[in-house]
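Step one of this worksheet: look at the structure below.
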Amino acid sequence: MIVHSETCYTLHTAHTSYQMSVGPDGMLLHTYYGARLPDRAPDLTDGRAAHGDPGCWTDLLPKEWSAPGTADNRTPPCVPEYADGTEAAELVFAGAAVLPGKPALPGLPAFRGGADVQTLSVTLRDVFGLEVELRYSVYEKEDLITRTAVYKNAGSQPLTLHKAASLCMDYAPGSLDLITLNGTWAAERTPERAPLRCGIQSVGSIRGVPGHAHNPAIALCRPDTTETNGDCWGFAFVYSGNFLIEAERADAGQRLVMGIHPYHFHWTLAPGESFAAPEVAMVYAQHGLGEMSRRFHTAIRTRLLAPRWQDMNAPRPVLLNSWEACYFDFDEAKLLELAAAARKADIDLFVLDDGWFKGRNDTSSSLGDWVEDKAKLPDGLPGLCRRLNEMGLELGLWVEPEAVSPNSDLYKAHPDWAFVVPGRRPLEIRQQYTLDFSREEVVDGIWQQLERVLRSCPIKYLKWDMNRSLANVYSAALPAARQGEVYHRYVMGVYELQRRVTETFPGLLLENCAGGGARFDCGMLYYSPQIWCSDNTDARARLLIQYGTSLFYPGCVMGAHFSTVPNHCNGHISTTEARMAAALSGTFGFELDLTTYTPEELEALRPYVAWYRAHGGLLRGGDLYRLAGPDASALGAAWMIAAPDGSEAAVFAVGDALSGSHGTASMNSLPRLPLQGLDPAAVYEDEQGVQYTGAQLMALGLPLPGPRGQTPACIWYLHRV
């Protein structure tokens, strides 16, 4: 709900409010974002500012939006350059309107609107021609607000944007902590929390993808905020390319700016032209990080995923991926042997990973030539698919559409389709180049190949990989003055191709991947309901990776697989229960050579598959409660997923979570694990028939066995009786 007076605008969700006010000289000031205010809350603008006190400097005011060169010396959300070379803009309030629904952002993913969504559109204008339309869409039930900015040249001469952020927000003076998700390949999205220092702290990417190092989502919170108590504000960027998040602590307070990274970004607007920035999703919670996460999870499930995938009770296939079983070394006979073992474990879907296309026996060739290798698949994909279907399995496939090998038919025919700076030698990474997806003809060319493959037989799943950073970013299709548009146009090209894939084949399950988890963001989730979390499938490592990911993203979007031990990535050995606990909390699948399993070992996997099928709606659609967090050693964690109505819950405890918080427990003093999110008055029963009240489970908890072996684990299912 949006309420307003002539100068004050308040956005209400079920439990939160966001407020701004028009101050002196038309400045738009940020006045509040926190717990729900009364519907007609008074304007909270600082008294001196509201009355134009000349002693109140503009760089001390909490601005809703700012620009450089007009005495606000904090980091700006936008930097325009006018035709005369000036980079100053005084953006003042020019009007506002409350709109039903949500205007589209052409070519960009966004949280989906509806009849229950309202949008506040605020226009700010500079006298020399730049207009910025700030859009705030309110999702009342989900406690979500999305923001974006649309930049328009309303002047008579061209202007160039050198920075065009999506969000700017000022906080009143006071201590805040910044939480970011950082890491590297095979160790993505490790949470890091530190107090905001004076100056600017930032995370971002200039890789062309968000990258393994930093995720485009952050939280700000009070120093005393915990998992269950305290104020926190979460922000997630709905974008899959270069980004910059800046948190500045200045003498007047804190400022947060989020948007496309200004590196190599220059967007020229002719008179009348506009540029729409990607949107940012915002959530506030007053009861800790857990509440913030659950609000993000609900909003992503119900408002970001494609409508087909929003039904969490609809089954998702349990899959086996061929990569760790075969790598490049396979033929059809070997694949069918692996598939037969998968059926004995009651698996639904067989995914043929890298190596299926023409001449692809290692990483040195063939990317861009999306045609079956008849030496490996004599009857092509249709023949393999038919044989799998006869076994009772569906077929899935791996592709890397954005890449091209120098040794490929595509590159020989169209070398100009790859990024290369004129006069420089093309830069190979992983023996491949990146295709220039900023060009329509390149997107069309890859689409023609993919469409042929997807129409050749009933392929049910597609894993879209992207294994390198962008380099030599230069487009042969654009003049020199417009090369600063290429990074963003590239991302728009990726979105366009994924749109075509998902709209043309609506029954296809698309899973995104980028060298593991280098493109795990809300932009990708608009097109694919799941993303491969990390190439590291080790249970211990996944505790920390998936725990950090869960700060913003729900388990139903986390690609997670049960894999072999010792783990292929790091050599760790974990119990079956620990590996299952990590995998069952995500999309659930297998990544190992099941032909090495005995009939008895294959049979032992079937109960876990059945458990996932029986409780899949809960696992995908329930509320997550992080009960015990892993440290950097990732030796243990505990979490639970509870139905929103408290009718059932799945509980997981792994490793050190079985030892309590003060070292290893003896068998004579077993620790207990208190739960959350249950009905205190209800009686719950576990799978062994033991009954507890909800109050007992939340106060005293479940009894944990003492640790045994490497990475012990427990999995429970509780239902209200």
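What's counted below: heavy atoms across the whole structure, side chains too, no hydrogens, waters or symmetry copies.
- Side chains of Y526 and Q498: a donor-acceptor N/O pair is absent below 3.5 angstrom, by distance only.
- Between the side chains of S240 and Y495, a donor-acceptor pair is found at a separation under 3.5 Å.
- Of the options W532, W356, W398, F328, a ring pair (Phe, Tyr, Trp, His ring centres under 6.0 Å) to W323 is made by F328 and by none of the others.
- In this structure, the separation between OG1 on T146 and CZ on R303 is 10.5 Å, given to the nearest 0.5 Å.
- Between K460 and D348, no side-chain nitrogen of the basic residue sits less than 4.0 Å from a carboxylate oxygen of the acidic one, so the salt-bridge criterion is not met.
- Across K102, R147, R135, a single residue satisfies side chain to side chain donor-acceptor pair (under 3.5 Å) together with E279, and that is K102.
- A donor-acceptor pair shorter than 3.5 Å can be found between the side chains of D362 and S364.
- Closest approach of R360 to S365, counting heavy atoms only: NH1-O, 2.8 Å.
- Side-chain N/O atoms of E400 and N467 include a donor and acceptor closer than 3.5 Å.
- Considering all non-hydrogen atoms of both residues, A187 and I545 come closest at CA-CD1, 4.1 Å.
- Not one N or O on the side chain of K463 forms a donor-acceptor pair closer than 3.5 Å with the backbone of C513.
- For E440, the CD atom counts as loosely surrounded, since its 6.0 Å shell holds 12 or fewer non-hydrogen atoms of other residues, nucleotides or ligands.
- Remark: side-chain polar atoms of D465 are paired, donor with acceptor, to backbone N or O of G515 under 3.5 angstrom.
- With respect to the salt-bridge test (charged N to carboxylate O, under 4.0 angstrom), the residues E390 and R387 do not qualify.
- The CD atom of E87 lies 5.0 Å from the CD atom of E81; values are rounded to the nearest 0.5 Å.
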Apply side chain to side chain contact (heavy atoms under 4.5 Å, CB included) to H568 and S563, showing your working.
-> CA-CA 8 Å; H568 285 204; S563 62; over 6 Å; no

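- For the residue pair P382 and C457, the shortest heavy atom distance occurs at CA-CB, 3.9 Å.
- Considering all non-hydrogen atoms of both residues, L105 and A276 come closest at CD2-CB, 3.9 Å.
- For the atom pair CG (L462) and CD (E511), the distance works out to 10.0 Å, reported to the nearest 0.5 Å.
- In this structure a side-chain-to-backbone donor-acceptor pair under 3.5 Å is missing from R316 to F588.
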Atom pairs and distances, side-chain donor-acceptor, residues 257-271, under 3.5 Å, sequence neighbours left out:
from : atom 1 : to   : atom 2 : distance (Å)
H261 : ND1    : Y263 : N      : 3.0
H266 : ND1    : H162 : ND1    : 2.8
T268 : OG1    : T160 : OG1    : 2.9

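- Judged purely by atom type and a 3.5 angstrom limit, N242 uses its side chain to pair as donor or acceptor with the backbone of G208.
- Side chain of T148 to backbone of A277: a donor-acceptor contact under 3.5 angstrom is found.
- Judged by distance alone, the side chains of D538 and N536 never bring a donor and an acceptor atom under 3.5 Å apart.
- The backbone N or O of G107 lies less than 3.5 Å from no partner atom in the side chain of E496, so there is not a single donor-acceptor pair.
- To the nearest 0.5 Å, atom OG of residue S534 and atom CE of residue M558 are 12.5 Å apart.
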Please assess S322 against F350 for the test side chain to side chain contact (heavy atoms under 4.5 Å, CB included), listing each intermediate value before the final yes or no.
-> CA-CA 8 Å; S322 69; F350 183 87; 4.2 Å; yes

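- Residues P317 and L319 are not in side-chain contact: their nearest non-hydrogen atoms beyond the backbone lie 4.5 Å or more apart.
- When atom types are taken as modelled, the side chain of D373 and the backbone of G359 share a donor-acceptor pair closer than 3.5 angstrom.
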Decide yes or no on side chain to side chain contact (heavy atoms under 4.5 Å, CB included) for I347 and L594, but give the supporting numbers first.
-> CA-CA 11 Å; I347 289 168; L594 288 178; 3.8 Å; yes

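- Note that CZ of R207 and OG of S469 are 5.0 Å apart. Values are rounded to the nearest 0.5 Å.
- Side chains of W464 and E402: a donor on one and an acceptor on the other come within 3.5 Å.
- Annotation for V203 and F243: closest pair O-CE1, 3.9 Å, computed over non-hydrogen atoms.
- Annotation for S528 and L305: closest pair O-CD2, 4.3 Å, computed over non-hydrogen atoms.
- If you check the side chains of E394 and Y461, you find no donor sitting under 3.5 Å from an acceptor.
- Judged purely by distance below 3.5 Å, without hydrogens or angles, the side chains of T434 and R468 pair a donor atom with an acceptor atom.
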Determine, stepwise, if the pair Y490 / V473 fulfils side chain to side chain contact (heavy atoms under 4.5 Å, CB included).
-> CA-CA 10 Å; Y490 177 91; V473 176; over 6 Å; no

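- Looking at residues two or more places apart in sequence or on another chain, you find a side-chain hydrogen bond (donor to acceptor under 3.5 Å, both in side chains) between N215 and Y553.
- The closest side-chain donor-acceptor pair between E591 and T537, if any, does not fall under 3.5 angstrom.
- Between V494 and M466, every side-chain heavy-atom pair lies at or beyond the 4.5 Å cut-off.
- Scored by the ring-ring contact (aromatic ring centres under 6.0 Å, His included) test, F237 finds Y239 as partners (sequence neighbours excluded).
- K334 is listed as a side-chain neighbour of D329, based on a closest heavy-atom distance under 4.5 Å.
- One distance of note links CG of L159 with OH of Y82; it measures 6.0 Å at 0.5 Å rounding.
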